[in-house]
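First the proteins, then the strands, lettered A, B, ... as listed; each starts at 1.
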Amino acid sequence: MKIMVAVKRVIDYAVKIRVKSDKTGVEMNNIKMSMNPFCEIALEEALRIKESGLASEVIAVSMGSNQCVDTLRTGLAMGADRAIHVDTTSTLYPLSVAKILKALIDIEKPGLLILGKQAIDDDCNQTGQMVAGLLKWPQGTFASKVVVDKEKQVARVDREVDGGLETLCLDLPAVITTDLRLNQPRYATLPNIMKAKSKVIKKVTPAELNVEIKSDLELVQVTEPPKRKGGVIVSSVDELINKLKNEAHVI
Amino acid sequence: ASTLVLGEHENGHMKQSSLSAIEAASRAIGVGEEENSISVLLAGSGESLQKAVSHAAMSHPSISQVLVADSDKLAHPLAEPWAALVHLIQQSGGYSHIIAASSSFGKNVLPRAASLLDVSPITDVIDISGPKLFVRPIYAGNALCTVRYTGVNPCMLTIRSTSFPVSLNSADSRSEAAPISQVDLSTFSEDSVGKSRYVNHTSQDTERADLGSARVVITGGRALKSAENFQLIEKLAAKLGGAVGATRAAVDAGFVPNELQVGQTGKIVAPELYMAFGVSGAIQHLAGMRDSKVIVAVNKDADAPIFQVADYGLVADIFEAIPELLEKLPSKK
């Protein structure tokens with residue numbers, strides 16, 4: 001069984017973003033970029049499944065400009081066997097990403113597609129669900145535990161839902177999206193970074209995959225959220241209780 | 001506009017977050033239009049569904065009708081049959097908008113349904129500026145993005161329920177139940193139904209106030225040091241009739257279950273009073289609580305970023321401050 005993992009290049013989670021003054025987006029020049037943390041967790045899970053003998057190959061996929069190759073190199077250094085770069089400069093919304101992933105899956109025929117539950121830039125939380133819908137595969141979103149049963153061809157997935165944990169049993173092939181507590185991703189070691197340089201990154205375009213990039217959303221503007229007014233520092237619990245009672249009227 | 005709201009129910013009641021989705025539909029989408037019908041879809045099976053339907057039909061003055069899909073295939077709120085159901089209903093209903101709350105249910109189901117209908121959904125809408133114009137947070141709420149939907153019907157959204165609070169009188173002001181109709185499921189079939197099976201659901205505690213809709217939220221961070229110490233937070237929450245929240249660090253350390261996490265990837269809350277104890281204030285946490293009306297932060301570290309968003313900050317040892325609060329605060333319950 002092959003496992004495909006989608007990875008996205010995003011502004012590093014530790015960077016404090018700045019909204020551009022012309023409201024067209026956020027500042028991207030000279031900003032540290034990294035693999036989306038949820039995608040790292042997705043890749044880590046795929047590698048662990050492979051290391052436990054339940055999968056034969058892990059394929060990392062990324063989409064966008066040429067710089068996505070850096071993200072794919074990181075994935076290869078973590079342990080992915082090979083990578084696919086879908087080369088495009090078009091704006092990709094999740095529906096298009098899902099269609100491209102479906103086209104790649106029709107070619108590669110993996111038994112599992114693992115993705116992060118959301119990217120920390122657009123916070124959409126859609127792609128996994130959408131590709132599962134297009135493929136008519138079952139989906140296990142927001143996974144905090146995944147157990148693959150090779151014999152029965154099922155995956156048992158614990159999902160983090162509003163009211164606790166939900167366990168589902170999915171027939172393979174299936175789509176899984178990862179939550180934070182699924183695992184702790186590994187760091188790429190220097191020898192593995194060197195080894196990754198000789199691994200293959202295949203390049204394709206959406207047109208070669210016969211996917212038309214649909215644009216049914218228009219970005220109107222990006223603005224700063226309203227700032228909270230600075231508060232006061234109180235000196236004691238008594239003063240705090242007094243303020244909450246007589247000034248804020250919340251207790 | 002004609003809107004379909006995907007309703008969630010539990011224990012014979014439609015959830016508060018679904019009422020917020022109806023509120024969003026009624027308040028904004030039909031602005032300037034003569035007709036603005038709102039259909040609420042509930043699915044499930046058996047008695048609990050029937051009770052929820054009766055509740056839903058009385059729950060909001062703007063509801064035009066309640067659609068009921070009663071089937072064993074829909075007994076659990078799984079994405080596969082639900083997405084197929086939405087697809088089926090859209091084919092005959094031709095709705096202009098389909099809305100769900102940004103709950104774990106809405107986030108799981110709505111994008112899958114959108115892919116079947118070949119439209120781009122819009123996640124976590126916090127403001128509706130026009131029938132096709134929406135504001136949503138990006139980068140953990142550090143920027144707000146305005147998007148226009150330019151595609152064919154339906155326009156599909158999940159809404160952040162804290163941004164569309166339901167006023168108490170609107171929830172009570174219906175004298176007559178909305179009409180109820182059964183969805184014709186004779187053509188309901190879908191290849192992927194059955195490929196996903198519900199096994200079980202575990203929840204640690206149902207006694208607590210609901211984090212998403214509580215008036216008061218008391219949150220603890222890593223500084224609580226243990227699950228045992230976290231009971232101080234729970235006692236304070238009980239005293240104020242509030243819900244318990246936690247930071248990612250506190251959840252990862254095993255002090256409390258995951259469902260209590262507040263933040264970018266956890267619950268988004270906007271209570272009247274948010275009290276954070278031993279919380280440093282990482283941007284991912286602030287994303288989940290920055291819209292609270294009054295924020296109180298108690299932390300020993302005077303430089304903690306949480307103080308920058310707090311209305312009232314107290315630099316103190318939480319293990320001294322919480323017991324003192326427990327002693328001096330008036331009891332709410």
Side-chain angles (χ1 to χ4, degrees), chain A residues 16-17 19 26 93-95 98 118 120-126 129-134 136-139 141-142 144 156 160-171 179-181 216-225 228 230-234 237-238 240-241 243-244 248 250-251, chain B residues 79-80 83 103-104 107-108 111-112 114-116 119-121 123-124 133 137-151 191-192 195-204 240 248 252 257-259 265 272-273 290 294 296 309-315 321 324-325 328-330:
Chain A
K16 177 127 181 57
I17 60 121
V19 173
V26 303
Y93 290 110
L95 180 59
Q118 74 192 68
I120 59 165
D121 49 4
D122 60 22
D123 284 330
C124 272
N125 196 331
Q126 297 173 346
Q129 296 86 312
M130 295 185 89
V131 68
L134 295 175
K136 306 218 177 296
W137 286 7
Q139 70 190 50
T141 52
F142 327 144
S144 63
R156 205 180 149 96
E160 295 203 355
V161 294
D162 289 340
L165 281 179
E166 180 186 78
T167 307
L168 298 180
C169 184
L170 311 176
D171 289 345
D179 218 314
L180 286 168
R181 277 166 283 276
D216 53 4
L217 289 177
E218 180 196 328
L219 179 72
V220 178
Q221 62 171 13
V222 174
T223 54
E224 296 233 13
R228 282 192 82 93
V232 294
I233 295 289
V234 296
V237 166
D238 289 320
L240 177 63
I241 292 175
K243 294 264 190 199
L244 292 177
V250 285
I251 55 169
Chain B
E80 296 79 5
S103 57
S104 52
K107 287 189 281 195
N108 190 40
R112 184 177 178 113
S115 76
L116 302 181
V119 305
S120 286
T123 296
D124 233 3
L133 197 60
I138 54 175
Y139 291 95
N142 287 297
L144 299 179
C145 176
T146 306
V147 288
R148 178 178 284 115
Y149 180 69
T150 57
D191 321 345
S192 43
K195 290 184 188 172
S196 158
R197 291 171 298 278
Y198 173 89
V199 179
N200 62 34
H201 181 268
T202 51
S203 178
Q204 303 258 339
L240 290 168
R248 180 189 170 190
D252 284 358
N258 63 279
E259 69 226 54
T265 66
E272 280 177 42
L273 174 61
R290 61 192 302 156
V294 175
V296 173
V309 301
D311 299 287
Y312 303 107
L314 174 63
V315 181
E324 194 179 340
L325 279 163
K328 293 178 176 170
L329 273 174

What's the spacing between A/Leu134 CG and B/Arg112 CZ if we round to 0.5 Å? 9.0 Å
Between chain B and each of A/Ala248, A/Ser144, A/Cys169, count heavy-atom pairs under 4.5 Å; write down the option with the most. A/Cys169
Search all heavy atoms of A/Gln139 against all heavy atoms of B/Glu80 and return the closest pair with its distance. N-OE2, 2.7 Å
Interface moiety of B/Asn200 toward chain A, non-hydrogen atoms closer than 4.5 Å: both
Option that, when pairs with chain A are counted at under 4.5 Å, heavy atom only, ranks first among B/Leu314, B/Asp124, B/Val147: B/Leu314
B/Ser115 side chain vs A/Val131 backbone, donor-acceptor pair below 3.5 Å: no
What is the minimum heavy-atom distance between B/Thr123 and A/Cys124, and which atoms define it? OG1-O, 2.7 Å
Taking atom CZ as the centre, does A/Arg181 end up with more than 12 heavy-atom neighbours from other residues, nucleotides or ligands that are less than 6.0 angstrom away? yes
Backbone of A/Val161 reached by a side-chain donor or acceptor of B/Glu259 within 3.5 Å: no
Exercise: identify the closest heavy-atom pair between B/Asn142 and A/Pro225: O-CD, 3.3 Å
Heavy-atom distances under 4.5 Å only: say whether B/Ala83 touches chain A with side chain, backbone, both or neither. neither
Residue selection (most heavy-atom pairs with chain A, distance under 4.5 Å) from B/Asn258, B/Leu329, B/Leu273, B/Val315: B/Asn258
Identify which of B/Ala140, B/Pro121, B/Ala114, B/Ser103 forms the greatest number of heavy-atom pairs closer than 4.5 Å to chain A. B/Pro121
In terms of heavy-atom pairs under 4.5 Å, which option from A/Leu219, A/Leu170, A/Asp123, A/Asp179 contacts chain B the most? A/Asp123
Can you spot which of A/Val234, A/Val250, A/Leu244 makes a side-chain contact (heavy atoms from CB on, under 4.5 Å) with B/Val296? A/Leu244
Between CG on residue A/Leu168 and CZ on residue B/Arg197, distance to nearest 0.5 Å: 10.0 Å
Looking at every heavy atom in both B/Tyr149 and A/Asp216, which two are closest together, and how far apart are they? CD1-O, 3.3 Å
Between A/Leu240, A/Val237, A/Thr141, who has the most heavy-atom pairs with chain B when the cutoff is under 4.5 Å? A/Val237
Shortest non-hydrogen contact from B/Pro111 to A/Gln129? CB-CB, 3.7 Å
Grab the two heavy atoms, one from A/Asp121 and one from B/Ile138, that are nearest each other, plus how far apart they are. O-CB, 3.5 Å
Step-by-step side-chain contact (heavy atoms from CB on, under 4.5 Å) determination, A/Leu95 to B/Val119: CA-CA 7 Å; A/Leu95 180 59; B/Val119 305; 5.6 Å; no
Would a distance-only check, ignoring hydrogens and angles, find a side-chain to backbone donor-acceptor pair under 3.5 Å from A/Lys243 to B/Asp311? no
Heavy-atom donor-acceptor pair, A/Gln126 side chain to B/Ser120 backbone, under 3.5 Å: no
Side chain proximity check, A/Glu218 to B/Leu133, heavy atoms < 4.5 angstrom: no
Counting heavy-atom pairs under 4.5 Å to chain A, which of B/Thr146, B/Thr150, B/Leu325 comes out on top? B/Thr146
Sub-3.5 Å donor-acceptor pair from the side chain of A/Arg228 to the main-chain atoms of B/Arg290, do we have one? yes
